[in-house]
Each structure stands twice: as structure tokens, then as C-alpha cells.
There are 2 protein chains.
Amino acid sequence: MNDNHLEETLQRHGIRPTAVRILLLEIMEHFENTFSLADLETEADTLDKSSIFRTLTLFAQHHLLHVIEDGSGATKYCLCHNDHTCRVEEMHCHFHCEICGKTFCLDKIHVPVISYPEGYEVREINYLIKGRCPACRSKR
Amino acid sequence: MNDNHLEETLQRHGIRPTAVRILLLEIMEHFENTFSLADLETEADTLDKSSIFRTLTLFAQHHLLHVIEDGSGATKYCLCHNDHTCRVEEMHCHFHCEICGKTFCLDKIHVPVISYPEGYEVREINYLIKGRCPACRSKR
DNA sequence: CTCGTTTCTGCAATCGGATTGCAAGATGGA
DNA sequence: TCCATCTTGCAATCCGATTGCAGAAACGAG
């Protein structure tokens with residue numbers, strides 16, 4: 001696992017591999033769950049918030065990241081493990097814990113596809129479950 | 001359709017019917033789709049933003065409103081037509097148009113229920129589809 | 001009806017995440 | 001090496017959400 005695979009990943013998605021982007025991608029790979037801009041800021045304290053923001057935007061545009069709005073106020077992200085495109089059938093569900101605020105990727109669970117109403121063009125689906133995660137349930 | 005049914009609706013949900021709340025509920029009933037705090041502010045220009053905010057919060061707590069985060073930056077709401085509780089099986093899907101920014105209630109389409117992972121306690125599900133609505137598709 | 005208590009509302013201020021303008025720095029090609 | 005382009009850091013700004021506080025309204029007891 002050298003740096004090379006990071007560069008390759010970026011290039012495969014049509015992203016020019018700069019030092020900042022390689023660093024951020026490496027950090028992202030170490031998160032177990034979803035992460036926010038603030039999380040990245042903590043891990044990469046040499047980088048500026050705006051650079052991280054622009055990197056996130058770029059990665060998302062190139063389908064290297066999923067964007068998740070969990071209603072917590074802060075946008076969450078997670079690495080997209082599909083290749084180039086993110087077809088609807090490949091999207092997975094997310095779980096947001098209302099107690100600890102963490103958002104989990106339910107990688108194994110694909111978004112159930114419904115029969116969409118006539119006339120709408122579907123680009124993307126967010127399936128977000130809210131409730132209490134196992135850790136928070138066991139407390140108290 | 002006199003004001004009475006508005007008061008009754010509020011009381012049925014355990015909300016004390018004040019003038020502000022009755023007015024807001026009436027305005028909400030006139031929206032076809034989802035609405036934001038700003039939408040209500042426009043319609044009820046005598047009311048203060050914070051009063052509207054607190055009313056929305058209260059209505060949501062008492063399950064009179066659904067809260068929808070569509071990623072547009074502004075939280076959207078829609079009236080909940082189920083009685084007291086909002087069971088998962090009763091939740092419906094939403095569609096967010098990335099062109100015009102409107103969010104539609106797909107009332108007829110219930111959220112598909114998946115088999116949830118062990119250990120998580122499900123309270124609520126958001127199923128949000130993004131894409132282009134019929135009106136925006138027909139243009140250009 | 002009056003008084004005291006609780007609830008609600010408007011106003012103003014604040015918070016926090018998202019986003020942008022700009023100039024300096026880094027990169028790539030001729 | 002030099003120029004054009006892309007990136008990045010810094011600082012400022014935007015905007016929706018949220019809160020503190022004091023006056024107004026609603027309620028219940030006597």
C-alpha cells in the first residue's frame with residue numbers, strides 16, 4: 001500500500017493528483033464511517049478549510065465521494081467504492097444515530113428501488129435511516 | 001372549512017391553538033408541495049422568523065409536520081397526514097429537483113422497508129430522490 | 001374581575017457551516 | 001526558461017438556524 005495507489009485512484013477518476021489531494025484521500029481511507037469537513041480539518045491541520053472544501057467538492061463531482069445529508073447540520077461524506085459511475089442500483093443506505101451524531105455506511109444494504117412516478121428523471125437516491133446505533137442503545 | 005378544523009387539528013396533536021399557530025397551519029395547508037421557513041415568512045409577513053421557527057419545531061415534535069432535508073441548504077417541511085404517530089410504514093418518499101430546487105411529496109409512494117442490520121433502532125427513514133422534475137425536463 | 005404564574009411572541013444578536021474573491025504559489029507545456 | 005493555467009491559503013462573507021431576553025397574551029385560582 002504505497003502512495004501510488006492513491007495517485008492512481010485520483011487519475012482513474014480524472015483528478016489531477018496534487019499533494020493536498022493525495023494527503024486528503026489517504027486520510028479519508030482511514031475513516032471507518034462517514035466524515036465531515038470538520039473531521040478532515042482535525043486530521044489535516046496544516047490544510048486550510050477552503051482547500052478541503054474545494055477538494056471535497058471536486059471528489060464528489062468526479063464520483064470519488066458520496067455526499068450524505070443527515071440533517072445534523074454538517075454534510076457528511078464517504079468514499080465511493082463503485083468504479084466510475086454511481087448507478088442507482090449501486091447506492092447504499094446510511095444510518096444516522098440521533099444520540100452520538102455519527103453516520104454509518106450500511107455498505108451491504110443497497111437502496112431499494114421503487115417504481116418512480118412518471119416524468120421524473122432520477123439521478124440519485126438518498127436512503128437515510130435515523131435512530132439509535134448499537135453503541136448508544138447499550139448505554140443507559 | 002371554518003377555522004374550527006384548524007384548532008381541532010392542533011388540539012388533536014396536543015398543541016395549544018394560539019392565533020399564530022392557527023394562521024401558520026392555515027398557510028401550510030395551502031402549499032401544494034413542501035415548504036421552507038422562508039416560504040412561510042413570505043406568506044405570513046406579519047410574523048417574525050423566530051416565531052415561525054419555533055412553531056415549526058413544535059409542530060414537528062408533535063408529528064404534525066414531516067421534516068425533509070433535501071440538501072438544498074434550507075430545511076423543508078410538509079404536513080403529515082397520518083394521525084398521531086408516523087410509523088415507518090406510513091412514511092412517503094420525496095423528490096428534489098436539482099434544477100428548480102423544489103421538493104415534492106410523493107404521497108402515494110411509501111418508503112420501501114429493508115431488512116435493517118442487527119442492533120440498530122429505527123425511528124425514522126428519509127427516502128429522497130434527486131433529479132429533474134417533469135416541468136424542468138420539458139424545458140430545454 | 002383581578003392578580004400571579006406560565007406560555008408565547010417579536011426583536012435583536014449570535015452561531016456555525018458553507019462558500020467565495022483574491023493574490024501568491026505550484027504545475028505543466030512550449 | 002517562460003508563460004498560461006491550475007491550486008492553495010487567507011480572510012471575508014453569506015445565509016439559514018438558533019437563542020436570550022423582555023414585553024404581551026393566555027390561563028387558573030380566588
Side-chain angles (χ1 to χ4, degrees), chain A residues 3 6-7 10-11 13-28 34-62 64-78 96 98 101-103, chain B residues 3 6-7 10-11 13-28 34-62 64-78 96 98 101-103:
Chain A
D3 282 6
L6 298 170
E7 289 198 33
L10 292 173
Q11 278 166 338
H13 285 82
I15 299 169
R16 183 137 50 126
T18 68
V20 167
R21 292 169 187 171
I22 293 171
L23 172 60
L24 282 174
L25 180 55
E26 184 171 21
I27 291 172
M28 290 175 190
T34 64
F35 47 86
S36 64
L37 195 157
D39 292 332
L40 295 175
E41 218 178 340
T42 304
E43 294 296 313
D45 54 358
T46 60
L47 300 184
D48 186 76
K49 189 174 49 166
S50 66
S51 301
I52 301 176
F53 171 74
R54 284 187 266 238
T55 302
L56 285 170
T57 305
L58 185 74
F59 283 14
Q61 281 171 345
H62 289 255
L64 182 50
L65 284 180
H66 287 295
V67 180
I68 308 148
E69 285 112 19
D70 60 11
S72 70
T75 307
K76 302 287 173 65
Y77 304 86
C78 68
H96 177 68
E98 296 175 322
K102 283 187 195 159
T103 296
Chain B
D3 282 6
L6 298 172
E7 289 198 33
L10 292 174
Q11 278 165 339
H13 285 82
I15 299 169
R16 186 141 42 132
T18 67
V20 168
R21 292 169 186 170
I22 293 172
L23 171 61
L24 282 174
L25 179 56
E26 183 171 23
I27 292 173
M28 290 176 190
T34 64
F35 48 84
S36 64
L37 194 158
D39 292 332
L40 294 175
E41 218 178 340
T42 304
E43 294 296 313
D45 54 359
T46 60
L47 299 185
D48 186 75
K49 190 174 49 164
S50 65
S51 301
I52 301 176
F53 171 74
R54 284 188 264 238
T55 302
L56 285 170
T57 305
L58 185 73
F59 282 14
Q61 282 171 346
H62 289 254
L64 182 51
L65 284 179
H66 287 296
V67 179
I68 308 149
E69 285 112 20
D70 61 12
S72 70
T75 306
K76 302 287 174 62
Y77 304 85
C78 69
H96 177 68
E98 295 175 322
K102 282 187 196 159
T103 297

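What you see below is based on every heavy atom in this structure, not just the backbone, and it leaves out hydrogens, waters and symmetry mates. Within every chain, numbering begins at 1; the chains are lettered A, B, ... in the order of the sequence lines, protein sequences first and strands thereafter.
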ask   = In whole Å, what is the span from the CD atom of Gln61(A) to the C1' atom of dC6(D)?
value = 14 Å
message = Strictly below 4.0 Å: does Ser50(B) bring a side-chain N or O up to OP1 or OP2 of dA12(C)?
response = no
query = What is the distance from CD1 of Ile52(B) to P of dT19(D), rounded to the nearest Å?
reply = 17 Å
task = Provide, to the nearest angstrom, the distance between the CG atom belonging to Asp45(B) and the P atom belonging to dT9(C).
result = 17 Å
key: Distance test, side-chain N/O of Thr57(A) to OP1/OP2 of dT19(C), below 4.0 Å   = no
note = Comparing nearest nucleotides in DNA chain C, the 5'-proximal residue of the pair Leu47(B), Arg16(B) is Arg16(B)
ask   = Which nucleotide in the list dT9(C), dA18(C), dT19(D) gets nearest to the side chain of Phe53(A)?
value = dA18(C)
ask   = Can you check the Leu56(A) CG to dT19(C) P distance for me, whole Å?
value = 11 Å
key: Length of the CG-C1' vector between Leu23(A) and dT8(D), whole Å   = 13 Å
Distance, rounded to the nearest Å, where Asp48(A) contributes CG and dA11(D) contributes P = 9 Å
request  = Pick base, sugar-phosphate or nothing for Thr18(B), based on heavy-atom distances below 4.0 Å to the nucleic acid.
outcome  = sugar-phosphate
key: Along DNA chain C (nearest heavy atom to each residue), the more 5'-positioned of Ala19(B) and Arg54(A)   = Ala19(B)
ask   = Between atom CD1 in Ile15(B) and atom P in dA26(D), what is the gap in whole Å?
value = 17 Å
inquiry  = Closer than 3.5 angstrom, by distance alone: can the side chain of Thr34(B) be matched with the main-chain N or O of Thr103(B) as a donor-acceptor pair?
reply    = yes
Earlier contact from the 5' end, DNA chain D, for Arg21(A) and Lys49(A) = Arg21(A)
task = Locate the shortest heavy-atom distance separating Ser36(B) from Lys76(B); write the atom from each residue and the value.
result = CB-CD, 4.1 Å
ask   = Mapping Leu58(A) and Gly73(B) to their closest nucleotides on DNA chain D, which lands nearer the 5' end?
value = Leu58(A)
ask   = Which whole-number value in Å describes the distance from Glu69(B) CD to dG16(D) C1'?
value = 13 Å
task = Could you check whether Ser36(B) gets within reach of a base, just the sugar-phosphate, or nothing at all, counting any heavy atom under 4.0 Å?
result = nothing
query = Where is the tightest heavy-atom contact between Phe59(A) and Arg21(A), given as atom of each residue plus distance?
reply = CZ-O, 3.9 Å
inquiry  = Applying the side-chain contact (heavy atoms from CB on, under 4.5 Å) criterion to Glu43(B), which one of Ile27(B), Leu23(B), Leu24(B) satisfies it?
reply    = Ile27(B)
task = Return the minimal non-hydrogen interatomic distance between Tyr77(B) and Leu37(B), and the atom names on each side.
result = CE1-N, 4.4 Å
